[in-house]
Participant: 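The structure's right below; bear with me while I get my questions together.
Positions are given from 1, in the same order as the sequence printed here.
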Amino acid sequence: MQLDLASLRSVRAFASAFLRQEPYLHLLINNAGVSAGGITEDGFSLPFQVNHLGHFLLPQLLLERLQSCAPSRIVIVASSAHCAGRLRLDALGQPPPGPFSTFQDYCDSKLANVLHARQLATRLQGTQVTCYAVHPG
């Protein structure tokens, strides 16, 4: 199935197709590490949307299936670069200013991954769906 994380429309279409075609889902691995600049069709910075927003939306759309197939798990591949992340709530999803904005955008997206995994893990306690953020290195 085709999935373009740079398009929230594609994420929704993928989830819809998956739910129609696949009765089971026990493991969802969200893994993206784009660090190139650019803006998506949705108006967000490419790294933030691909690395985080697409992977924020996808589990939300598939959560009911994950819960009905429990025990199941969600693995979000983050990065130790999250330590350099700074989420600017007034400009979330927009390229940060400065000469290293593309790298900062990557770090920000990975911090958002870690925070999302933590929030999802807390929200899913007791459901037999577990959520983890991991550094691949």
Participant: Under the rule for ring-ring contact (aromatic ring centres under 6.0 Å, His included), what residues qualify as partners of Phe48, not counting sequence neighbours?
Facilitator: His52
Participant: For Leu27, check side-chain contact (heavy atoms from CB on, under 4.5 Å) against everything at least two apart and list the hits.
Facilitator: Ile29, Arg73, Val75
Participant: If you look at every heavy atom in Ala15 and Leu58, which pair is closest and at what distance?
Facilitator: CB-CD1, 4.3 Å
Participant: Can you see which heavy atom on Gln67 is nearest to which on Ser72, and at what distance?
Facilitator: N-OG, 4.5 Å
Participant: Please enumerate all residues that pass salt bridge (charged side-chain N to carboxylate O under 4.0 Å, His left out) together with Glu64, with sequence neighbours excluded.
Facilitator: none
Participant: Who pairs with Pro95 by side-chain contact (heavy atoms from CB on, under 4.5 Å), at least two apart in sequence or on another chain?
Facilitator: Ile39, Ser45
Participant: Does Leu87 reach the side chain of Leu115, with side-chain heavy atoms less than 4.5 Å apart?
Facilitator: yes
Participant: Should Leu25 and Leu120 be counted in the same cluster of Ile, Leu, Val, Met, Phe, Trp and Tyr side chains packed under 4.5 Å apart?
Facilitator: yes
Participant: Starting at CZ of Phe100, measure out to CG of Asp105 and round the result to the nearest 0.5 Å.
Facilitator: 15.0 Å
Participant: Would you say Tyr106 ends up clustered with Phe56 if hydrophobic residues are merged whenever their side chains have heavy atoms under 4.5 Å apart, either directly or through other cluster members?
Facilitator: no
Participant: According to salt bridge (charged side-chain N to carboxylate O under 4.0 Å, His left out), does anything in residues 116-137 pair up with another residue at least two apart or in another chain? List the pairs.
Facilitator: none
Participant: Check side-chain contact (heavy atoms from CB on, under 4.5 Å) between Ala13 and all other residues, then give those that pass, not counting sequence neighbours.
Facilitator: none
Participant: Which pairs with one or both residues in residues 78-94 pass side chain to side chain donor-acceptor pair (under 3.5 Å), sequence neighbours excluded?
Facilitator: Arg86-Gln104
Participant: So if you build clusters from Ile, Leu, Val, Met, Phe, Trp, Tyr with side-chain heavy-atom gaps below 4.5 Å, do Leu92 and Val114 land together?
Facilitator: no
Participant: Could you name each residue pair satisfying side chain to side chain donor-acceptor pair (under 3.5 Å) that touches residues 124-137, not counting sequence neighbours?
Facilitator: Thr130-Tyr132
Participant: Applying the 4.5 Å side-chain criterion to the ILVMFWY set and letting contacts propagate, would Val50 and Phe14 be lumped into a single cluster?
Facilitator: yes
Participant: Counting only N and O atoms by type, is there a donor-acceptor contact under 3.5 Å from the side chain of Asn113 to the main-chain atoms of Asn51?
Facilitator: yes
Participant: Keeping to residues at least two apart or across chains, list the side chain to side chain donor-acceptor pair (under 3.5 Å) pairs with something in residues 9-36.
Facilitator: Arg9-Glu41, Ser16-Arg20
Participant: For Asp42, enumerate each residue passing the side-chain contact (heavy atoms from CB on, under 4.5 Å) test, keeping only those at least two apart in sequence or located in another chain.
Facilitator: Leu8, Thr40, Phe44, Gln49
Participant: Under the side chain to side chain contact (heavy atoms under 4.5 Å, CB included) rule, what do Arg65 and Leu19 come out as? Steps first, then yes or no, please.
Facilitator: CA-CA 8 Å; Arg65 181 67 44 90; Leu19 292 171; 3.7 Å; yes
Participant: Quick one: does Phe18's side chain get under 4.5 Å of Leu61's, heavy atoms only?
Facilitator: no
Participant: If you look at every heavy atom in Cys69 and Pro23, which pair is closest and at what distance?
Facilitator: SG-O, 3.8 Å
Participant: Please tell me if the side chains of Leu124 and Leu63 come closer than 4.5 Å, counting only heavy atoms from C-beta onward.
Facilitator: yes
Participant: Please report the closest heavy-atom contact between Ala6 and Leu46, naming both atoms and the distance.
Facilitator: CB-CD1, 3.8 Å
Participant: For Val77, does its backbone N or O pair with a side-chain atom of Lys110 as donor and acceptor, under 3.5 Å?
Facilitator: yes
Participant: Please give me the minimum heavy-atom distance between Leu5 and Ala32, naming the atom from each residue.
Facilitator: CD1-CB, 4.1 Å
